[in-house]
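Just the heavy atoms: all of them, side chains too, but no hydrogens, waters or symmetry mates, feed the values below. Position 1 is the first residue of the sequence; numbering continues from there.
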Amino acid sequence: FFKALLFLGAGAVIYAMSHDQDMRNYGNLKKYIPVTFWTMFVAWAAIAGIPFLFAGAYSKEAILGAAVNVSPDGASELLARVAPIAGWVGFGVALLTAGYMTRLMMLTFSGSEERWRSIQPHAHHEEHHEEHAHAHHDDPHGFFYTDADAPPEEHEHHHALDAAHEPKEVPWEMWLPLVVLALGATFLTGYFMERNEVFAHWLYPHLMEAEHAQYGKLILLIVGTAMAVLGTVYAYLLYHAKKLPESEGWDLSKWSAFRRSANRQFEIDESLAGGSVAVGGVVGRVFAWFDTWVVDGIVNLVGVSVRYLAGIGKYVQRGFVRSYALLMVLGVAGILYAVVRMWMQVKGD
């Protein structure tokens, strides 16, 4: 429920912000799109793991609890070793989840600063256009876009966000599914499903109900809640006090080296593309050598052989009648010799 709500809620925000998808241009949107804000608030609380009111904490507890409580009694030795580690790593990731989801809510909906009001006429569009051109045309390996495939240069003009923009709530056809999903992400829905026999047998493996469970539900709930609170408080203090930090703003020179590297996907895409070019070049050179020396070599050898045999044959087929008459005489003599020899052998027997 809450994952679907986050995706649809993000779409509602993008709709309200003239299709701009950069949170650096948001702020104080709860004033303009309250339905989207409150439904997204439910989704945030659920995925962050806030207990008692929202269902996400209990589904997270069930999944991670099942992992940390795996024992050799009912699993392979490898699974018994790996699963608990994966479960505790999952609790650590839950802290990060609460942190970045709080960041999303703070930068998008909170604060008094409406950052899109600071967009200079044409300036943001030029910067966005430059980023768009870089993303689509700075493709040194020719893997992603050709000039014919790239989107037209002018297609962003009608989606430009400017200082005069007034965010508007999505129509009811769009916010009604948000409300329905928000109800599904609350504690009451999770409570009902967990205690309804049909849903309980369908949704849960009951691994945590085993008597040998090392960590009970209370311990897991405390750990999960602690991760949610720590991640939420850290992000709240960081983004509520500083608004949009300069280290995350439009001036990339103020970003940390780690953030700049993360913005480039830690060079993974470039490494994959460069590696593909390098490996592909080696493979291509191997096939080129094979084509030149093996395939073409066989074809050329056949051609040379035919030409050599033809060179020999030209001394026989010279076009002189006397030569052909001589060959005929020799041929008849050879046939007579063979016939006489065979006759003599038969007579001798």
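When all heavy atoms of W175 and V170 are compared, the closest pair comes out as CD1-O, 3.2 Å. Closest non-hydrogen pair, A98 versus M227, comes out as CB-O, 4.2 Å. In plain terms, the two heavy atoms of A235 and R103 that are nearest each other are CB-N, 4.1 Å. Summarising the geometry of L29 relative to M17, their closest heavy-atom pair is CD2-SD, 3.6 Å, with the distance given to 0.1 Å. Nearest heavy-atom pair across I119 and A163 is O-CB, 3.8 Å. Residue S18 comes nearest to L161 through the heavy atom pair CB-CD1, 4.1 Å, listed as atom of the first residue, atom of the second, then distance.
A 4.5 Å side-chain heavy-atom check between I85 and R81 finds every atom pair outside the cut-off. At least one side-chain heavy atom of P171 sits less than 4.5 Å from a side-chain heavy atom of Y15. The closest side-chain heavy-atom distance from E61 to K217 is below 4.5 Å. Contact check for F109 versus T36: side-chain heavy atoms found under the 4.5 Å cut-off. Under the 4.5 Å side-chain criterion, counting only non-hydrogen atoms from C-beta, Y26 is in contact with T108. Counting only heavy atoms from C-beta outward, the side chains of F37 and M105 approach each other to under 4.5 Å.
Here the straight-line distance linking atom CZ of R115 with atom CG of N28 works out to 10.0 Å at 0.5 Å rounding. Rounding to the nearest 0.5 Å places CG of L6 at 8.0 Å from CG of L104. Atom CD1 of residue I33 and atom NZ of residue K168 lie 13.5 Å apart, to the nearest 0.5 angstrom. Taking CG of L95 as the reference point, atom OG1 of T232 lies at 8.5 Å (rounded to 0.5 Å). Between the CZ atom of R264 and the CG atom of D269 there is a distance of 12.0 Å, given to the nearest 0.5 Å. The CG atom of L96 sits 11.5 Å away from the CG atom of L230 when rounded to the nearest 0.5 Å.
Within 6.0 Å of CZ in F287 there are 12 or fewer heavy atoms belonging to other residues, nucleotides or ligands. In this structure, W88 places its CH2 atom where more than 12 heavy-atom neighbours from other residues, nucleotides or ligands lie under 6.0 Å away. Around CD of E246, the count of heavy atoms belonging to other residues, nucleotides or ligands within 6.0 Å does not exceed 12.
Side chain of Q265 to backbone of N263: a donor-acceptor contact under 3.5 angstrom is found. In terms of modelled atom types and a separation under 3.5 Å, the side chain of W255 and the main chain of G249 share a donor-acceptor contact. A distance-only check finds a donor-acceptor pair linking the side chain of T186 to the backbone of L183 [under 3.5 Å]. For R117 (side chain) and H165 (main-chain N/O), a donor-acceptor pair under 3.5 Å exists by modelled atom type. Side-chain atoms of S59 come within 3.5 Å of backbone N or O of G56 as a donor-acceptor pair.
I335 and M328 are not part of a single hydrophobic cluster, where members link through side-chain heavy atoms under 4.5 Å apart. Residues L237 and Y239 share a single hydrophobic cluster, defined by chaining ILVMFWY side chains whose heavy atoms lie under 4.5 Å apart. Grouping the Ile, Leu, Val, Met, Phe, Trp and Tyr side chains by contacts below 4.5 angstrom, directly or via other members, places M101 apart from V93. Hydrophobic clustering of Ile, Leu, Val, Met, Phe, Trp and Tyr side chains at less than 4.5 Å, counting indirect connections, unites F1 with L176. Linking ILVMFWY residues whenever their side-chain heavy atoms come closer than 4.5 Å, directly or via other members, places I219 and L64 in the same cluster.
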Derivation and outcome, side-chain contact (heavy atoms from CB on, under 4.5 Å), residues E114 and Y32: CA-CA 11 Å; E114 299 175 353; Y32 299 94; 2.7 Å; yes
Trace of the side-chain contact (heavy atoms from CB on, under 4.5 Å) decision for I47 with T97: CA-CA 7 Å; I47 195 172; T97 301; 3.9 Å; yes
What do the steps show when you test L220 against V68 for side-chain contact (heavy atoms from CB on, under 4.5 Å), and what is the final call? CA-CA 9 Å; L220 297 172; V68 299; 3.8 Å; yes
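Aromatic ring pairs are classed by plane angle as parallel below 30°, tilted from 30° to 60° and perpendicular above 60°; the pair F41 and W44 is tilted.
Under the 6.0 Å cut-off for aromatic ring centres, F266 and F258 qualify, their centroids lying closer than that.
For the 3.5 Å distance criterion, the side chains of S253 and D251 qualify, holding a donor opposite an acceptor. Donor-acceptor pairing under 3.5 Å is lacking for the side chains of E267 and S261.
R259 has a carboxylate O that lies under 4.0 Å from a charged side-chain N of E248, or vice versa, which qualifies the two as a salt bridge.
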